[in-house]
K.L.:
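Have a look at this one before I ask anything.
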Amino acid sequence: MPELAEVEYYRKVWNPGLEKKVRQVYLNPHARNFRDCNTLILKQHLKGRVLRSSAAKGKHLLFHFSGNNWLGIHLGMSGKLCRTCIDKDRKDTQSVFKQDKHDHFVLLQSRHVLIFNDSRMFGRICFHHGKEAPEWWRNIPPALSSNNFDRAALKAYLTRRRRSTIKGVLLAQERFPGLGNWMADEILWRARIQPHCHAAQIEGDKLKDLFYAIKEVCRDALNVIGKDWSNPPDSWLFNHRWGNKGRCPKTNKLLKRETVSGRTTCWSPAWQQWPDCSRD
DNA sequence: CTATTTGTTTATCC
DNA sequence: AGGATAAACAAATA
């Protein structure tokens, strides 16, 4: 599930652990989540450290610990962060924290248990020791909400990917960090562009529509889902896109679900007719 | 039993 | 050579 806004939400779930020491690290070294990570080194370096800060960029999370230690987390398809509180009257923490089958990484603090849970294990955990944040973090492209993502950058990328469907293009993290399947559908619906449209076909005013839809969906998603995971209003495509019988909030006509660029895509044929009306 | 899934990497083909 | 596409990863859910 996690896209830009969900990742930002999950980042804050661990906030109560800020400025608190890690007493113990539990992890499942066989979980695929650690495929790029030396789990022994990770445990050694995090034990006894204080969680200083956290940040989210696109779908990536970075937690900074004392002693120049950095924990990178990507949630993949099914990853989530959660937390449980430890009752201060109970000293037996093992009896307080019931480890779920898919809790592959756990930081135990004196008052909180910070948990990474991922059933499908497409998520990724990595560790970095150094004065500076890791290189992969610094290389994440500028946030879509920043002024560094502008119409010129969008146009240049659409030109480079001119033969791809716009749906596939919007999912490219190298240009649109944080966009995922539902956000891409929401953007195209708001900009009234068919998901099968080739990138080259978007020009002039339609390029402007697309640009502002990207900005708007990022802002709205962060303000609603990213803030406290409250349910978006029914005026978004979001609430209607998951099942097979959803109706377009604009036209009240049935939405269509098809695979576009390898991903399930929901769109409103009556509402999204750019670049022409030849498809239904 | 089968089909589907909110993400990314890798191999393969053009 | 660069870019598009399909498969693979793994487990839950319908």
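A note on names: the letters A, B, ... follow the listed sequences, proteins ahead of strands, and every chain is numbered from 1.
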K.L.:
Closer than 4.0 Å, any side-chain N/O of A/Arg257 to the OP1 or OP2 of B/dT5?
P.N.:
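A/Arg257 to B/dT5 OP1/OP2: side-chain N or O found under 4.0 Å.
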K.L.:
With a 3.5 Å distance limit and no angle check, can you tell me whether A/Asn181 reaches the backbone of A/Thr264 through a side-chain donor-acceptor pair?
P.N.:
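Looks like yes, one N/O pair under 3.5 Å.
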K.L.:
Does C/dT5 have a Watson-Crick or wobble partner in any strand here, with both distances under 3.5 angstrom, and which is it?
P.N.:
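B/dA11 is the nucleotide pairing with C/dT5.
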K.L.:
Given B/dT8, is OP1 or OP2 found less than 4.0 Å from the side-chain N or O atoms of A/Gln173?
P.N.:
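Yes, A/Gln173 has a side-chain N/O under 4.0 Å of OP1/OP2 on B/dT8.
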K.L.:
Does B/dG7 have A/Phe122 stacked on its base, where the ring centres are within less than 5.5 Å and the planes differ by under 30°?
P.N.:
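A stacking contact exists, since A/Phe122 sits close and nearly parallel to the base ring of B/dG7.
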K.L.:
For atom P, what is the distance between B/dT4 and C/dA6, given to the nearest Å?
P.N.:
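Between the two P atoms, the distance is 15 Å.
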K.L.:
Do any N or O atoms from the side chain of A/Lys167 and from the backbone of A/His196 form a donor-acceptor pair under 3.5 angstrom?
P.N.:
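Such a contact is absent between A/Lys167 side chain and A/His196 backbone.
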K.L.:
By nearest nucleotide on DNA chain C, pick out whichever of A/Arg161 and A/Ser119 is the more 5' one.
P.N.:
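The residue mapped nearer the 5' terminus is A/Arg161.
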K.L.:
Are OP1 or OP2 of C/dA12 and a side-chain N or O of A/Arg120 less than 4.0 angstrom apart?
P.N.:
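For C/dA12, neither OP1 nor OP2 has a side-chain N or O of A/Arg120 closer than 4.0 Å.
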K.L.:
Using the C1' atoms only, state how far B/dC1 lies from C/dC9, rounded to an integer number of Å.
P.N.:
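Pairwise C1' distance, C/dC9 against B/dC1, rounds to 22 Å.
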K.L.:
If you look at every strand shown and take non-hydrogen atoms under 4.0 Å, does A/Lys80 touch a base, only sugar-phosphate, or nothing?
P.N.:
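Counting heavy atoms under 4.0 Å across all strands, no contact is made by A/Lys80.
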K.L.:
What integer number of Å spans the P atoms of C/dA10 and B/dA11?
P.N.:
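C/dA10 and B/dA11 have their P atoms separated by 16 Å.
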K.L.:
Contact class for A/Arg241 vs. all strands (heavy atom < 4.0 Å): base, sugar-phosphate, or nothing?
P.N.:
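Contact class for A/Arg241: none.
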K.L.:
If I take atom NE2 in residue A/His74 and atom C1' in nucleotide C/dC9, what distance separates them, rounded to the nearest angstrom?
P.N.:
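Going from A/His74 (NE2) to C/dC9 (C1'), I get 14 Å.
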K.L.:
Take A/Gly262 and A/Arg160, find for each the nucleotide of DNA chain C with the closest heavy atom, and name the residue whose nucleotide sits nearer the 5' end.
P.N.:
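Nearest nucleotide further toward 5': that of A/Arg160.
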K.L.:
Given 3.5 Å as the limit, does a donor-acceptor pair link the side chain of A/Gln272 with the main chain of A/Pro269, or not?
P.N.:
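No; zero donor-acceptor contacts below 3.5 Å.
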K.L.:
Are A/Glu258 and A/Trp267 close enough that a side-chain donor and a side-chain acceptor fall under 3.5 Å?
P.N.:
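Indeed, the side chains of A/Glu258 and A/Trp267 share at least one donor-acceptor pair under 3.5 Å.
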K.L.:
For the pair made of CD in A/Glu6 and C1' in B/dG7, what is the distance, rounded to whole Å?
P.N.:
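To the nearest whole Å, that distance equals 12 Å.
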K.L.:
Classify the nucleic acid contact of A/Met77 as base, sugar-phosphate or nothing, counting any heavy atom under 4.0 Å across all strands shown.
P.N.:
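A/Met77: base contact, heavy atoms under 4.0 Å.
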K.L.:
Between C/dT13 atom P and A/Lys101 atom NZ, what is the distance in whole Å?
P.N.:
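The distance from NZ of A/Lys101 to P of C/dT13 comes to 10 Å, rounded to the nearest Å.
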K.L.:
Remember a base hit wins even if backbone is also touched, and classify A/Ser78 as base, sugar-phosphate or nothing at under 4.0 Å, heavy atoms.
P.N.:
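If one applies the 4.0 Å heavy-atom cut-off, A/Ser78 turns out to touch nothing in the nucleic acid.
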K.L.:
When the ring centroid of A/His60 is compared with that of A/Trp136, is the distance short of 6.0 Å?
P.N.:
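Ring-ring flag for A/His60/A/Trp136: true, centres closer than 6.0 Å.
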K.L.:
Taking only the side-chain nitrogens and oxygens of A/His102, find out if one of them lies under 4.0 Å from OP1 or OP2 of C/dA12.
P.N.:
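Checking C/dA12 against A/His102, a side-chain N or O does come within under 4.0 Å of OP1 or OP2.
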K.L.:
Side chain of A/Ser261, heavy atoms from C-beta onward: which of C/dA11, C/dA10, C/dT5 has the nearest atom to it?
P.N.:
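The answer is C/dT5, which lies nearest to the side chain.
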